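I have placed the structure first, in the form of structure tokens, so that the comments after it can refer back to it.
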Amino acid sequence: MVCAGKGKQAVDAIVSVLEKSLRYLLLLRPGDLLDIALMAAVIYFGLGLVRSTRAEGILKGVGVLLLVLVVSGLLNLQSVNYLLSHMMEWGVLALVILFQPELRRILEEMGSRNVHLLRLLRSEEQVTELEQAIDQTVVACTEMSASRTGVLIVFERKNQLDEMVRSGTTLDAAVSGELLKNIFFVKAPMHDGAVIIRKGRILGAGCMLPLSKSVNLSRELGMRHRAGIGMSENSDAVVVIVSEETGSISVAVGGMLRRHLQPETLSKLLRNELMPPEEEEQEISERTGPLALLEQWIHSKRKEEQHAGEEE
């Protein structure tokens, strides 16, 4: 009898919850549904844009502070709660200041054609441009290495480099060996700066990069190498460097410098860093939602076409 009574109570509780949920849904107006959908879309795309910048780490830190604030309130830790609550009063202004570059970039992307769906539908074209950019970069660096022409080329990945682009001359051009050689020609006005490449296109030239603060660098390395290493320390970019003194080709990734590279090694390294097939397939397979399903379908079709081309 006791078990039967508890079972009846559980059923009644479930029925009560369903009835309340149904009444709540009946009260929703079409405007409420639209409001919820818009807010969900803003949060979804906002998080997607933040993921590609260093702001992701700052947001995680803010989340930890909020968690500590809640826990300190529950445990009655008055000193900690008082300090954090007063810090949060200035939190909105601090976030606006910290996220100023990211907020500006988000507004720019909202007004441009580079929204997520269009990037998805153009993914095959971008891969082709990236492959061409890598090939042309290898050709240009090989020739400029022979002539001992200084080169500094930055391949942007997830971290956006808009601030660096604004320090130079903004461009929007396909990567070609002749264009790179003209930019880095000794008497050209932009030869001392860096070229920044985003998704297979030259985004800027003559750009200034942050110098590495490491004290363990060899004294043989000049300002161009220190700038390339510094850029790789402050972002996930891949930086190609050609020494003006020796003609040696180097690549900086994650603060590490690989020197004295041959053209074939340079090509292989750039493809592995910029076009890793395993990571791309894993990232696409882990995504969820309607856009992810569309991306997975396009990715599978592209792989089928590639296999068909190889068989032919």
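Predicted model only: the values in this text are computed from it and were never measured.
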Checklist entry - Looking at side-chain heavy atoms only, is the closest gap between Phe155 and Thr137 below 4.5 Å? => result yes
Checklist entry - Roughly how far, to the nearest 0.5 Å, is OG of Ser176 from CD of Gln136? => result 6.0 Å
Next on the checklist: I'd like to know if Arg198 pairs up with Asp172 as an ion pair, taking the criterion as any Lys NZ or Arg NE/NH1/NH2 lying under 4.0 Å from an Asp or Glu carboxylate oxygen.
Outcome noted: no
Item to check | Test item: Ile197 and Leu130 side chains (from C-beta on) under 4.5 Å apart, heavy atoms | outcome: no
Item to check | Approximate separation, where rounding is to 0.5 Å, of Glu143 CD and Thr149 OG1 | outcome: 10.0 Å
Item to check | Atom of Ala227, atom of Leu152 and distance for their closest heavy-atom approach | outcome: CB-CD2, 4.2 Å
Checklist entry - Looking at Val138 and Pro263, what are the two nearest heavy atoms and their distance? => result CG1-O, 3.6 Å
Checklist entry - Salt bridge between Arg148 and Glu244, side-chain N to carboxylate O under 4.0 Å? => result no
Just distance, no hydrogens or angles: give the donor-acceptor pairs under 3.5 Å from side chains in residues 183-195, sequence neighbours left out.
{"unit_1": "His191", "atom_1": "ND1", "unit_2": "Val186", "atom_2": "O", "d": "3.1"}
{"unit_1": "His191", "atom_1": "ND1", "unit_2": "Ala188", "atom_2": "O", "d": "2.8"}
{"unit_1": "His191", "atom_1": "NE2", "unit_2": "Val186", "atom_2": "O", "d": "3.3"}

Next on the checklist: Which residues pass the salt bridge (charged side-chain N to carboxylate O under 4.0 Å, His left out) test with Arg258, not counting sequence neighbours?
Outcome noted: none
Checklist entry - Can you tell if the side chain of Arg201 reaches within under 4.5 Å of the side chain of Glu129, non-hydrogen atoms only? => result yes
Distance-only check: which donor-acceptor pairs under 3.5 Å involve side-chain atoms of residues 208-215, not counting sequence neighbours?
{"unit_1": "Ser212", "atom_1": "OG", "unit_2": "Ser214", "atom_2": "N", "d": "3.2"}
{"unit_1": "Ser212", "atom_1": "OG", "unit_2": "Glu233", "atom_2": "OE1", "d": "3.2"}
{"unit_1": "Ser212", "atom_1": "OG", "unit_2": "Glu233", "atom_2": "OE2", "d": "3.0"}
{"unit_1": "Ser214", "atom_1": "OG", "unit_2": "Asn216", "atom_2": "N", "d": "3.3"}

Checklist entry - What's the shortest heavy-atom distance between Val175 and Gly200, and which atoms? => result CG2-O, 3.5 Å
